[in-house]
Amino acid sequence: MQWGIVKPFAEAIVDNASPTDGATSFFCVGDTKQAIYSWRGGVSEIFESVGQQIKNVKDQKLTESRRSSTAVIDFVNETFRRLPEHDNFIGEDGKKKEDGSRHALVQQWIERYFVDHKTAKSELAGYIEFRNANVQENKDNEGVRSSPDLFKEVAERIAELHREAPQVTIGVLTRANRDIATIISRLRELGVEASQEGGNPLTDTAPILLVMSALQLADHPGDSLAYFHLKHSPMIRLWDESLRSDPNRLSANLREKIASFGFGGLVSWLVRGIAEECTVRDQQRMQQLIEEAYRFDTFSQSQIHEFLDFIERHRMALPGESKVRVMTIHQSKGLEFDAVFLPTLDQAITRTTNDYIVMRPDRMSAPIGIMRSMNHQLLKYMGEAWQVAYAEMQRQKLGEAMCLFYVALTRARQALYMYTSPSKTAKKRWGSVLHSIYASDPTTWEQPGVVILHQGSPQWYTAAMNGTATEKLEKAEKLEKAEIVEPRRVRVALAPGKPGTEKADWVAPSQLNERTNSEIATLWKPEEVAGTVVGKLVHRWFEEVRGWIEDFHPTKKLLTNIASATLTQEEMTQLRLNIWIDKFMAYCESPEIRNALSRERYSAWNQPQLLRLQVSTERRLLQLLDGALIRGVIDRCVLGLDGDRVVRAEILDFKTDQRDEGEKLEPWIESRKTIHAPQLNAYRRVLCRQFSLHPDLVQSTLILLSENKVESIGVEYQS
């Protein structure tokens, strides 16, 4: 697809080129030996055919490396010349090659793509080492995993090199992402700070895990493991004695702080309590966590578990790049390191990841047939065309595996360290390939801890250190001789912000009606403390209806536990808990309220088929509306998704307002709708802006619990 877009431009450039002054030109560069992305549509044949598709394009091969030492280049040349000698590459029919012959597919790939390399870096000291790790033979039949002891041995050698030459850059290249965390953990145990390509998870340090335990306790008061972690840490000093011994009260206290200050404020408070106990690295990580917590506060998510998931998935690099970096071979493409370690050569040459066999006229054409993959022994019962398609799939897999191996070897500037497990027979693994090439005596294949090959200077890095010192000295001498020039000062004026955002007021949606409807006398009315406590508790109970009411089965014990975890002791004395438990149970049995919280309510949401429904409770929001930052919480929000796009929504707001004795029901309902409409319309406008919805596609519903009434609020409702 990409070439289909670029090709017309290339043709136009070449067609308009002047034969005399060459006013226009088309230039492209690539390496078909590094074609490692067929799984996402990369096809090396496209690059090979550019000379045929675009006229007057001259093909020039580049065979001189400007990266690697002579030792590395000589090893690459020798290895790829002798690759076809291995006895156990997979073939067109799944069988081994005949003894004494060269593997046909591998030989074809070598002749087509590989020519001997030269290097422009002949002055670099170099070193090659290939060894069997001091472990047992890798018995993994699929060749998917390596021995943990092998990773331990590799980590110890990396740590030794890093201590002796701390200025040397080291790349540790794996076959799969799953091995990265194991290697980084091993290195960290040895005091080596290693970074992962794209950054490490924020949870890679103990203080962050402690903060996560505190948040886990806030979300689940009964999580004894999280409470134990928090209680036996320095962070527990943030609370007084009366709270430390009660996980329910600790949980409630943490939730109150989230409601008051957001995740950013809570995390800042928690990490300040333990910062003095932490290393510089830990403090850097905690600062990053604080920044991400404040960023999360601007999102539409509001649940604690959503924040925990966000932090666990998020990756960030520490300030300053580590000298030791761990990544997959795919991620290393385009990078280079002074030394490269390959610790997963005992894994399979190719992976059995193909679910389908694809039949194409050629690799650059669209498929003309697709069939589920099958064992090659069953393929003989299929037609000849499918047997050809299967053979082509095998050729492509093997070709990409050789490209991946080439990329791994050529990331090294000076030194290459390769590890594999002992092996008694020739296997479909790169370590076994190197055995067959460099170990003339097959008995050495199965010996643990033996060095199969070493070439060059094992102390190659001493020359690198001396060279670095000389280079620094030369730079210092040049600076001393350089003319001192006063820096030029330039005034930079920042662009003005969006009108209305410089000093926006913070407004709760529930306060919007007070701007116009509040009377002076009401400002002096004493706050109904008990009513506030009841509202807080009832909302917390309804928060437990995380899906549909038909799946929610509350018990008195459950509601009591939630109440004790939500309210303080003082608040518990302000209401008769048993009475409110009975009332809440009655709310859940009310036909009107059950219908509002049921799945059946949304059976008419079709587009044209039934939409995928997503329910969230206590959905936090932060949005600029009419010059004010609206910050609030939607009690219950139901989104209807067509694929990944939100196309319908409903806002449900629970109210515990009580009707005065003697007041008629209908006028009271109208007064409640008038009072609460600005709040619900603000919520509606926020969702419309977030999901690009028309207001008519967002329902607003007021649930008056005391009267078991469910009332719809129209767009910009006015009484």
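Residue numbers count from 1 along this sequence.
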What heavy-atom pair brings [X] and [Y] nearest, and what distance separates the two atoms?
| X | Y | result |
| --- | --- | --- |
| Leu621 | Val686 | CB-CG1, 4.1 Å |
| Trp605 | Gly640 | CZ3-N, 3.6 Å |
| Leu680 | Ser700 | O-OG, 3.7 Å |
| Ser233 | Leu230 | OG-O, 2.8 Å |
| Arg295 | Thr298 | O-OG1, 2.6 Å |
| Pro247 | Pro221 | CB-O, 3.9 Å |

message: Once you measure the plane-to-plane angle for Phe296 and Phe263, does it fall in the parallel (<30°), tilted (30-60°) or perpendicular (>60°) bin?
response: perpendicular
task: Assign the ring pair Phe542 / Tyr587 to parallel, tilted or perpendicular, where the plane angle (0 to 90°) is split at 30° and 60°.
output: parallel
message: Walk me through whether Phe691 and Val647 qualify under side-chain contact (heavy atoms from CB on, under 4.5 Å).
response: CA-CA 8 Å; Phe691 300 116; Val647 296; over 6 Å; no
Residues [X] and [Y] bridged, charged N to O under 4.0 Å:
| X | Y | answer |
| --- | --- | --- |
| Arg255 | Glu543 | no |
| Arg546 | Glu544 | yes |
| Arg648 | Asp642 | no |
| Glu306 | Arg619 | no |

message: Run the side-chain contact (heavy atoms from CB on, under 4.5 Å) test on Lys655 and Arg672 for me, step by step, so that the C-alpha distance in whole Å, both residues' side-chain angles and the decisive distance to 0.1 Å come before the verdict.
response: CA-CA 9 Å; Lys655 296 298 181 185; Arg672 297 300 95 192; over 6 Å; no
Straight-line distance of [X] [atom1] to [Y] [atom2], nearest 0.5 Å:
| X | Y | atom1 | atom2 | result |
| --- | --- | --- | --- | --- |
| Asp282 | Thr205 | CG | OG1 | 3.0 Å |
| Ser213 | Ile208 | OG | CD1 | 11.5 Å |
| Gln679 | Ile634 | CD | CD1 | 9.5 Å |
| Asn177 | His330 | CG | NE2 | 10.5 Å |
| Leu210 | Cys278 | CG | SG | 8.5 Å |
| Leu705 | Ile593 | CG | CD1 | 5.0 Å |

message: Quick one, Phe552 with Trp541, criterion ring-ring contact (aromatic ring centres under 6.0 Å, His included). Give me CA distance, side-chain angles, the key distance, then yes/no.
response: CA-CA 11 Å; Phe552 179 58; Trp541 280 338; over 10 Å; no
field: 4.5 Å side-chain heavy-atom contact, Glu650 and Leu652
entry: yes
query: So do the side chains of Ile258 and Phe307 get within less than 4.5 Å of each other, counting heavy atoms only?
result: no
Looking just at side-chain N and O atoms, do [X] and [Y] make a donor-acceptor pair shorter than 3.5 Å?
| X | Y | value |
| --- | --- | --- |
| Glu592 | Ser590 | yes |
| Asn253 | Lys257 | yes |
| Gln347 | Ser146 | yes |

field: Donor-acceptor contact below 3.5 Å, side chain Asp635 vs main chain Phe654
entry: yes
message: Looking at Thr674 and Glu670, would you say the former's side chain and the latter's main chain have a donor-acceptor pair under 3.5 Å?
response: yes
From CA spacing to verdict: salt bridge (Lys or Arg N to Asp or Glu O under 4.0 Å), Arg145, Asp179: CA-CA 8 Å; Arg145 296 189 179 276; Asp179 296 325; 5.0 Å; no
- line: Applying salt bridge (Lys or Arg N to Asp or Glu O under 4.0 Å) to Asp309 and not counting sequence neighbours gives none
Audit row: Gln216, His229, side-chain contact (heavy atoms from CB on, under 4.5 Å) steps and yes/no: CA-CA 11 Å; Gln216 180 70 10; His229 190 192; over 6 Å; no
- request: Applying side-chain hydrogen bond (donor to acceptor under 3.5 Å, both in side chains) between Arg285 and each of Gln283, Gln288, Gln287, report the one that passes.
  value: Gln288
- request: Show the numbers, then the answer: is there a side-chain contact (heavy atoms from CB on, under 4.5 Å) between Leu266 and Phe261?
  value: CA-CA 6 Å; Leu266 172 66; Phe261 309 114; 5.8 Å; no
task: Mark yes when over 12 heavy atoms from residues, nucleotides or ligands other than Glu663 sit less than 6.0 Å from its CD; otherwise mark no.
output: yes
